[in-house]
Each structure stands twice: as structure tokens, then as C-alpha cells.
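What you see below is based on every heavy atom in this structure, not just the backbone, and it leaves out hydrogens, waters and symmetry mates. Whatever order the structure lists ligands and atoms in, that order sets their numbers, starting from 1.
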Amino acid sequence: MADLRVEIAGVSFKNPVIPASGAFGFGHEYEKLYPLSKLGGISVKGMTLNQKDGNPPPRIAETPMGMLNSVGLQNPGIDYFLEKELPYLAGKETRIIANVAGSTVEDCVTMVKKIEGSAVDMIELNISCPNVKQGGAAFGTSCESAAGITAAVRKATTKPLMVKLSPNVTDITAIAKAVESEGADAVSLINTLLGMRIDINSRRPVLKNNVGGMSGPAVFPIAVRMVWQVANAVQIPVVGMGGISSAEDAIEMMMAGASAVQVGAAIFTDPYAPVKIIDGISSWLDCKGIASVKDIVGTVQPW
Ligand code: SIN
């Protein structure tokens with residue numbers, strides 16, 4: 001059987017498949033379907049310093065081959081996670097990635113300091129959040145603010161630091177290089193693409209928040225393109241996500257340059273998707289006679 005192990009920022013994962021933040025909660029519902037130990041890791045729901053109820057409904061809408069969400073970071077807060085959720089997850093023999101989503105640099109710094117002595121294996125800094133002290137534009141939409149928040153968080157933690165990039169930018173490679181230069185150990189991409197739908201009878205947006213983040217198979221080619229561009233622009237590992245729903249998609253993303261993949265929207269249509277993708281990668285590697293999944297990373301041969 002092919003070797004599925006990968007390493008990202010010094011952390012070893014038993015396989016390269018990780019349920020994406022926001023698509024898997026803290027794992028409870030899925031543990032009823034399969035052992036969480038099957039997964040390479042789990043990126044938990046994006047957390048803020050204090051508990052958040054999120055946006056009012058409707059906050060999820062289907063789109064052709066995808067979905068729009070404006071959940072608004074509903075989460076129980078970092079203290080609840082550390083006290084109540086982490087002890088449960090820590091016994092599951094999978095890597096735990098804490099997705100940190102603050103609306104100020106100070107909030108993010110406070111959160112990673114709280115996480116420092118815990119069983120969390122890696123921090124995923126979500127820079128798609130609005131920077132409330134600088135007019136509300138997301139941290140991840142300018143090199144300056146992306147670099148600034150990365151530098152501050154880097155100083156505050158010794159945990160491996162992965163920065164999750166927003167695709168809602170002109171040049172994602174510039175943002176990736178900015179966070180790399182401030183000490184990010186890895187980058188993950190793509191977060192959702194900003195979108196909007198309108199109900200033509202009521203003339204109201206379908207989401208109460210008017211706009212939301214689009215994910216699902218429709219965004220997959222955009223994600224592959226951005227992962228390929230970023231993997232060629234930085235030296236640190238890239239974790240690819242955005243519309244992955246099959247083993248073939250995961251393999252394609254890894255050939256584009258991803259060392260591992262995250263699976264998000266596909267879990268809402270098939271909660272077994274991550275496990276099926278792990279098994280499918282393994283079968284494909286065996287079928288092709290490839291000894292290790294690491295051997296396919298970045299192997300696309302551009303024309
Ligand atoms: C949300 O909870 O609104 C999604 C967060 C994100 O896309 O980073």
C-alpha cells in the first residue's frame with residue numbers, strides 16, 4: 001500500500017486529507033459515522049476571542065455546483081474550545097488545527113497565547129476577517145495588513161503557523177509572499193469567493209447579509225490555479241482547498257503543488273467525503289505504482 005504520510009511545517013500527518021474549517025464543526029457529529037482517527041487532521045470551526053452567534057438567517061444558500069454562506073463565524077469562543085472541545089479532540093489520534101479568526105490583531109495575539117500550551121498541533125490564521133481598526137477591509141486583502149497580522153501572531157506563538165489566504169485579491173502570490181516573509185510556516189488556500197444572489201420576486205438578496213462566501217465544485221478550477229501560482233511563488237508548504245469533492249480532485253490539487261488538501265463543502269453533500277477521498281487517493285497511487293503520496297506534489301508539467 002502506498003505511503004500516505006505527509007509533513008507540513010514539521011508536523012506529520014498520517015494522510016493528506018483534512019476537513020476544512022467551518023465544514024466539520026468540532027467533529028462530534030462525524031464521530032458517529034467513522035473514527036476521527038481516519039483523518040489526517042481536522043481544522044476546527046473558525047474561532048474568535050469571545051463567543052459569537054454569527055449572522056441572522058438566511059445565511060446559507062445553494063448555487064449551481066456550490067453554496068454561498070455568511071455564517072458570520074458563529075463559534076463558542078476560544079476559552080470554551082480549550083476547556084470543552086480540545087480535550088475531546090485530543091484523544092482522537094488526528095492532528096488538530098485551530099482556526100483563529102480575530103477582527104483585531106490584538107484578539108488574534110491573545111488567542112494564540114491562550115493556545116500556546118495546549119494540545120493543538122497547528123494554528124491556521126484566518127486573514128479573511130474584517131480588520132475593524134482599519135475600515136473593515138479583510139486583513140488578507142492587502143500585503144501590508146496580511147504581513148502585519150502574521151508578524152504579530154508569529155511573535156506570540158511557537159506553534160506551527162499556517163495562514164489561510166483569501167482569493168478576493170488581485171494577486172494572491174503577493175499576499176502569500178508577504179506572510180511567508182513574516183514567518184508563516186505554511187499557507188492554506190483558498191477561502192471562499194465573495195458572491196451574491198437575488199430573489200427576483202422579492203428583489204431581496206437571498207442572504208440576510210446580502211453577500212457571502214462561495215465554495216463547492218464550481219470554484220475548484222480557480223482554487224487549482226491559485227494553488228499552482230502560490231506553490232511556485234513561495235518556499236513554504238501549501239495546503240490546497242476549494243471545491244475538492246473526489247480523490248481525483250485531491251490528486252489534481254496536489255499535482256498543482258499542495259502538500260495536503262482540505263475538504264469543505266463536499267462534506268455537506270456527503271459526510272463520508274473525506275474518508276472516501278483518503279481511500280481513493282490510496283487506490284489511485286497503488287494502481288499507478290506510486291510509492292508515496294509525496295511523490296505527486298507539484299508534478300504538473302505546464303505546457
Ligand atoms: C463564516 O463563518 O462566516 C465563514 C468564515 C470564513 O469563511 O472564513
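Evaluation of the ring pair (Phe, Tyr, Trp, His ring centres under 6.0 Å) test over residues 260-303, restricted to residues two or more places apart or in two chains, returns Tyr34-Tyr272.
Looking from atom 5 (C) of ligand 1 to the surrounding protein, the closest heavy atom is Leu73 CD2, 3.7 Å. Among all non-hydrogen protein atoms, the one lying nearest atom 8 (O) of ligand 1 is Asn126 ND2, 2.7 Å. Here the protein heavy atom with the shortest distance to atom 3 (O) of ligand 1 is Gly72 N, 2.7 Å.
Listed here is the closest heavy atom pair of Val153 and Val109: N-CG2, 4.3 Å.
Checking Thr157 against Glu116 by side-chain atom types alone, a donor-acceptor pair falls below 3.5 Å. Remark: the Asn99 side chain and the Glu124 side chain contain an N/O donor-acceptor pair separated by less than 3.5 Å. In the model, Arg5 has no side-chain atom that pairs as donor or acceptor with a side-chain atom of Ser292 under 3.5 Å.
Remark: ligand 1 and Ser128 share no N or O pair separated by less than 3.5 Å (distance only, no angle test). In terms of polar-atom proximity, defined here as any N/O pair under 3.5 Å, Gln74 makes no such contact with ligand 1. Checking only distances, Ser70 never comes within under 3.5 Å of ligand 1, N or O to N or O.
With a 4.0 Å cut-off on non-hydrogen atoms, Val71 touches ligand 1 through its backbone as well as its side chain. Only the side chain of Asn191 comes within contact range of ligand 1, with a heavy atom under 4.0 Å; no backbone atom does. The side chain of Lys45, and not its backbone, has at least one atom closer than 4.0 Å to an atom of ligand 1 (non-hydrogen atoms only; side chain from C-beta on).
In this structure, Tyr88 has its ring center no closer than 6.0 Å to that of Phe26.
In this structure, Gly22 has no heavy atom closer than 4.0 Å to ligand 1. Residue contact annotation: Asn69 has a non-hydrogen atom under 4.0 Å from ligand 1.
One finds a salt bridge joining Glu31 and Lys92 here, because a Lys/Arg side-chain nitrogen approaches an Asp/Glu carboxylate oxygen to under 4.0 Å.
By the ring pair (Phe, Tyr, Trp, His ring centres under 6.0 Å) test, Tyr80 is found to be paired with no residue, residues two or more places apart in sequence or in another chain being considered.
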